[in-house]
Protein chains: 4
Amino acid sequence: MQAGAPKFRRRKEARPAEIVAAAFEVFAEKGFAGAKLDDIATRAGVSKGALYLYFETKEDLFRAVVTQGVAPNFEAVLAVLASHPGPIGPLLEMLAGRMAEVVTTTPVGGLVKMVIGEARNFPELAQVWHDQLVSKALGALTAAIAAAQARGEVKPGDPRMYALSVASPLLVGVIWRETFAPIGAEPFDMPALARQHVRAVLQGILTEAG
Amino acid sequence: MQAGAPKFRRRKEARPAEIVAAAFEVFAEKGFAGAKLDDIATRAGVSKGALYLYFETKEDLFRAVVTQGVAPNFEAVLAVLASHPGPIGPLLEMLAGRMAEVVTTTPVGGLVKMVIGEARNFPELAQVWHDQLVSKALGALTAAIAAAQARGEVKPGDPRMYALSVASPLLVGVIWRETFAPIGAEPFDMPALARQHVRAVLQGILTEAG
Amino acid sequence: MQAGAPKFRRRKEARPAEIVAAAFEVFAEKGFAGAKLDDIATRAGVSKGALYLYFETKEDLFRAVVTQGVAPNFEAVLAVLASHPGPIGPLLEMLAGRMAEVVTTTPVGGLVKMVIGEARNFPELAQVWHDQLVSKALGALTAAIAAAQARGEVKPGDPRMYALSVASPLLVGVIWRETFAPIGAEPFDMPALARQHVRAVLQGILTEAG
Amino acid sequence: MQAGAPKFRRRKEARPAEIVAAAFEVFAEKGFAGAKLDDIATRAGVSKGALYLYFETKEDLFRAVVTQGVAPNFEAVLAVLASHPGPIGPLLEMLAGRMAEVVTTTPVGGLVKMVIGEARNFPELAQVWHDQLVSKALGALTAAIAAAQARGEVKPGDPRMYALSVASPLLVGVIWRETFAPIGAEPFDMPALARQHVRAVLQGILTEAG
DNA sequence: CATGAATGAGGTTTCATTCAT
DNA sequence: CATGAATGAAACCTCATTCAT
């Protein structure tokens with residue numbers, strides 16, 4: 001022990017994150033009530049008691065999982081929106097592509113499911129998601145569309161609804177993956193869906209004959 | 001009360017439906033695990049034990065609630081799709097209007113939330129919903145779009161994705177109502193959303209200048 | 001209905017006996033706690049409520065089953081003992097033969113099992129069995145042996161223990177049938193056992209060389 | 001208290017045995033269904049929940065009680081039988097004496113009652129008792145008697161029945177203690193009973209005049 | 001007499017939380 | 001910091017008993 005090599009020391013500072021990661025998996029799999037702290041502790045490689053060194057209660061841990069899932073996604077979304085002030089068409093295409101990538105490569109679907117399923121039991125979490133992510137993203141998108149309308153690029157109409165029109169299929173695709181893919185239903189190719197949907201909304205699906 | 005309706009009439013036939021209705025409310029509010037049988041029984045106006053005269057277990061009751069929610073919605077959806085073989089534009093407008101009405105006037109939102117939230121814990125319910133409602137409705141819509149493509153009315157593209165493009169905002173609107181409306185978020189005017197969205201998908205949102 | 005034929009009338013007076021018979025089967029099979037009144041009612045061909053027209057409680061019904069099993073067996077045993085005042089040898093042989101027949105042809109084994117298993121929970125039943133059956137039979141047997149001792153037929157020794165020596169194997173044979181026969185253990189041939197055992201007790205199993 | 005024995009010592013190793021001991025008492029007193037886990041836990045000095053740290057279910061605990069009662073009795077029985085290969089007379093006398101001591105000083109009566117009372121509901125337990133204790137002991141006794149017959153010590157006759165003849169009164173004495181002693185019936189002096197019974201079986205109870 | 005729907009007390013079981021070590 | 005044995009409140013479920021019909 002002379003050399004002072006930290007043989008058995010675990011990185012204390014990493015613990016909470018490891019626990020949250022394990023909790024995320026279990027909550028996403030079983031829902032809030034179905035998740036057992038025993039299971040979370042085991043997956044995190046700690047004892048059940050250790051959870052209480054970092055989180056007051058199960059609800060507290062759930063909150064940490066859901067709220068910590070906001071920030072990263074938040075960054076990704078707003079960064080894209082902020083970086084493209086130009087014409088609405090390319091912006092939406094770019095945005096959809098990025099989002100398709102995000103939802104494909106990150107477990108955001110599990111978070112979405114948890115927020116939907118437990119919104120009534122944890123209104124504060126719905127609040128956090130709404131205020132910090134959904135409202136801001138939808139607001140930014142709405143603003144971009146409104147600006148495009150002002151520039152004469154986009155037809156008249158409620159820009160907030162247009163924003164929902166643009167964004168919905170991706171969300172539904174994610175939910176589909178969480179809900180119906182596990183029972184064997186054919187999933188959607190998210191990037192392709194994003195691409196085709198944006199084009200449809202921008203230019204319509206009807207031909208001149210239609 | 002002229003007819004002298006018996007106060008304490010036994011009503012074996014009505015009871016299950018009353019219980020399912022009460023259970024629906026509680027499950028939609030609290031989720032599966034959060035729902036207490038005591039609460040359900042009280043709302044149904046029966047004792048806890050009476051629930052077990054009609055349903056074997058809590059899960060059984062949950063299944064009844066979710067599966068019995070399929071049929072009525074199923075009727076509504078397919079009836080509309082079947083009744084309009086004509087050009088795709090008016091069909092979609094009609095369809096969207098009807099669906100907006102359905103989701104506004106029926107508690108289908110609660111069912112959707114339950115299916116999404118408990119799909120992992122009750123895969124059979126996800127299966128029922130997929131097979132009997134979602135798959136059929138999406139299939140019918142896909143078929144209608146494919147037919148329109150064959151007639152030259154609709155641009156090339158994956159018709160199943162087009163179907164999702166058309167239907168998603170209504171679903172998201174419903175989820176929004178279940179998730180964010182309870183915390184005070186501004187809800188969407190579903191009929192207006194349906195109308196504007198269908199027009200957007202049909203003809204695009206871009207102006208000629210866009 | 002002119003002829004006054006009792007079309008749908010069931011023999012009221014037979015009901016209690018039918019119920020006790022059905023209850024006997026179920027109690028013997030499952031024990032007191034394991035027996036469900038639903039099951040008993042079904043086997044008796046009456047409704048659950050009807051049981052309460054004849055018996056106050058489940059315990060009451062159990063008591064009826066156990067106590068009503070005493071009398072008939074009681075008669076058979078004492079009749080034999082009383083009718084043979086002669087030499088002890090033939091008496092015991094006769095008695096053993098009769099008892100072997102009784103335990104083979106009547107479900108007394110079920111009763112014995114119930115009394116043993118529930119004696120602590122229903123001391124009054126143990127009391128009834130002891131006072132009305134066991135004590136009397138053992139007493140009569142003891143008296144017969146004591147009389148034989150007085151006549152010089154039987155060696156000195158505690159006559160009550162001798163009585164137990166004589167009677168035990170039959171009881172154990174009955175218990176064996178209730179306990180180990182259901183799992184496939186080889187049963188005992190009760191008449192043969194009775195015959196051989198009485199002979200053994202009377203004359204010993206040792207040869208002169210033994 | 002000199003040694004400073006820790007008051008609230010955790011004793012993972014001792015707990016299961018303590019619980020089984022407490023459970024034995026309660027099961028022997030009330031039977032399986034009549035035993036309340038609350039009662040068992042209280043007697044074991046633990047909480048109700050603690051039972052589930054060591055046993056999956058109430059049935060599991062019952063099984064543990066019954067099966068763990070086999071081994072000690074098994075030792076006692078076979079040790080005696082194995083130690084005496086000599087002439088059958090002294091062997092049986094020795095055996096009976098030892099067994100009388102065992103049944104007097106150990107709570108084997110409670111176990112016997114439980115096995116008899118719940119054999120139908122827990123056939124596996126009857127199986128364990130039969131295979132590991134009863135069958136082996138009866139088999140060994142039967143073999144010893146058959147050997148004595150081969151040596152000409154014992155009269156012809158079914159040796160298995162002879163074994164039952166020899167062993168039964170002790171078993172009945174034990175059952176008597178469990179069943180009728182609690183209601184005030186005169187118990188049997190087990191050692192005396194064993195002694196007199198073996199002598200009776202060996203040499204008969206009849207005098208030459210009998 | 002007879003029914004069977006309904007009751008509700010009571011039991012087993014689970015699991016978030018605590019705390020001596 | 002960390003453990004994990006222990007707790008006990010709360011939930012689901014059973015079933016003897018009742019009573020309007």
Side-chain angles (χ1 to χ4, degrees), chain A residues 8-10 12 15 32-42 45-62, chain B residues 6-13 15 33-41 44-61, chain C residues 8-10 12 15 32-42 45-61, chain D residues 6-15 33-41 44-61:
Chain A
F8 296 128
R9 212 190 50 197
R10 303 247 181 95
K12 311 176 199 178
R15 276 282 160 84
F32 177 75
K36 318 283 173 240
L37 289 189
D38 247 331
D39 195 358
I40 293 173
T42 302
V46 300
S47 72
K48 218 184 342 175
L51 301 181
Y52 286 85
L53 297 174
Y54 303 101
F55 304 93
E56 302 257 330
T57 65
K58 185 186 186 183
E59 293 194 11
D60 204 43
L61 179 53
F62 185 65
Chain B
K7 233 181 195 169
F8 298 105
R9 180 169 41 107
R10 295 290 160 75
R11 39 191 175 173
K12 194 185 174 186
E13 327 79 39
R15 275 286 150 80
K36 312 296 171 221
L37 290 187
D38 246 336
D39 195 359
I40 293 173
V46 299
S47 70
K48 229 184 327 176
L51 302 182
Y52 289 86
L53 295 175
Y54 304 100
F55 304 93
E56 304 253 331
T57 64
K58 184 185 185 183
E59 292 195 12
D60 204 42
L61 179 53
Chain C
F8 296 128
R9 212 191 52 198
R10 302 245 181 97
K12 310 177 200 175
R15 275 282 159 82
F32 177 74
K36 317 283 173 241
L37 290 189
D38 247 333
D39 195 359
I40 293 172
T42 302
V46 300
S47 72
K48 219 186 337 177
L51 301 182
Y52 286 84
L53 297 173
Y54 303 101
F55 304 93
E56 302 257 330
T57 66
K58 185 187 187 183
E59 293 194 12
D60 205 42
L61 180 53
Chain D
K7 233 180 197 171
F8 298 104
R9 180 170 39 107
R10 295 290 161 76
R11 38 188 175 174
K12 194 186 175 185
E13 328 79 39
R15 275 287 151 82
K36 312 299 171 216
L37 291 186
D38 246 334
D39 195 359
I40 293 173
V46 300
S47 70
K48 230 182 329 176
L51 301 182
Y52 287 85
L53 295 174
Y54 303 100
F55 304 94
E56 305 252 331
T57 64
K58 185 186 184 182
E59 293 196 10
D60 205 43
L61 179 53

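When reading the values below, keep in mind they use all heavy atoms of this one structure, side chains included, and skip hydrogens, waters and symmetry mates. The chains referred to below are lettered A, B, ... by the order of the sequence lines, with proteins before strands, and numbering in each begins at 1.
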For the residue pair Ala33(D) and Ala33(C), what are the closest heavy atoms and their distance?
CB-CB, 3.0 Å

Just compare dA2(F), dA2(E), dT7(E) and give me whichever is closest to any side-chain atom of Tyr54(C).
dA2(E)

Taking only the side-chain heavy atoms of Leu53(D) (C-beta and beyond), determine which of dT7(F), dT7(E), dC12(F) contains the nearest atom.
dT7(F)

Of dA16(E), dT7(F), dT13(E), the nucleotide closest to the side chain of Lys48(A) is dA16(E)

For dC1(F), what is the paired nucleotide under Watson-Crick or G-U wobble rules, both distances under 3.5 Å?
none

Selected nucleotide, minimal atom distance to Tyr52(C) side chain, candidates dA16(F), dT13(E), dA5(F)
dA16(F)

Send over the distance from Asp38(D) CG to dT13(E) C1', rounded to a whole Å.
12 Å

Integer-rounded Å distance: dT14(E) P and Leu37(A) CG:
16 Å

At what distance, to the nearest 0.5 angstrom, does CG of Leu51(A) lie from CG of Asp60(A)?
11.5 Å

Along DNA chain F (nearest heavy atom to each residue), the more 5'-positioned of Glu59(C) and Leu51(D)
Leu51(D)

Taken to the nearest whole Å, CZ/Phe55(D) to P/dT14(E) is 15 Å

Considering only dG8(F), dT3(E), dC15(F), which nucleotide approaches the side chain of Ser47(D) most closely?
dG8(F)

Counting any heavy atom closer than 4.0 Å, what does Ala35(B) reach on the DNA or RNA strands: base, sugar-phosphate only, or nothing?
sugar-phosphate

Glu56(C) CD to dT18(F) C1', in whole Å, measures 13 Å

What nucleotide, of dC13(F), dA5(E), dG11(E), holds the atom closest to the side chain of Lys36(D)?
dG11(E)

What is the separation between atom CD1 on Ile40(C) and atom P on dT17(F), rounded to the nearest whole Å?
11 Å

Scanning both residues in full, the closest heavy-atom pair of Phe32(C) with Lys58(C) reads O-NZ, 2.9 Å

Mapping Gly49(C) and Gly34(A) onto DNA chain E by nearest heavy atom, which one lands closer to the 5' end?
Gly49(C)

Going by the side-chain contact (heavy atoms from CB on, under 4.5 Å) test, name the single residue among Asp39(A), Thr42(A), Asp38(A) that passes it with Lys48(A).
Asp38(A)

Separation between CG of Leu37(A) and CZ of Phe55(A), rounded to the nearest 0.5 Å:
11.0 Å

Distance, P atom - from dT21(F) to dC1(E), rounded to whole angstrom
22 Å

If I take atom CZ in residue Arg15(B) and atom C1' in nucleotide dT7(E), what distance separates them, rounded to the nearest angstrom?
11 Å

Assign each of Lys58(C) and Ala33(B) to its nearest nucleotide of DNA chain F by heavy atoms, then name whichever residue's nucleotide is nearer the 5' end.
Ala33(B)

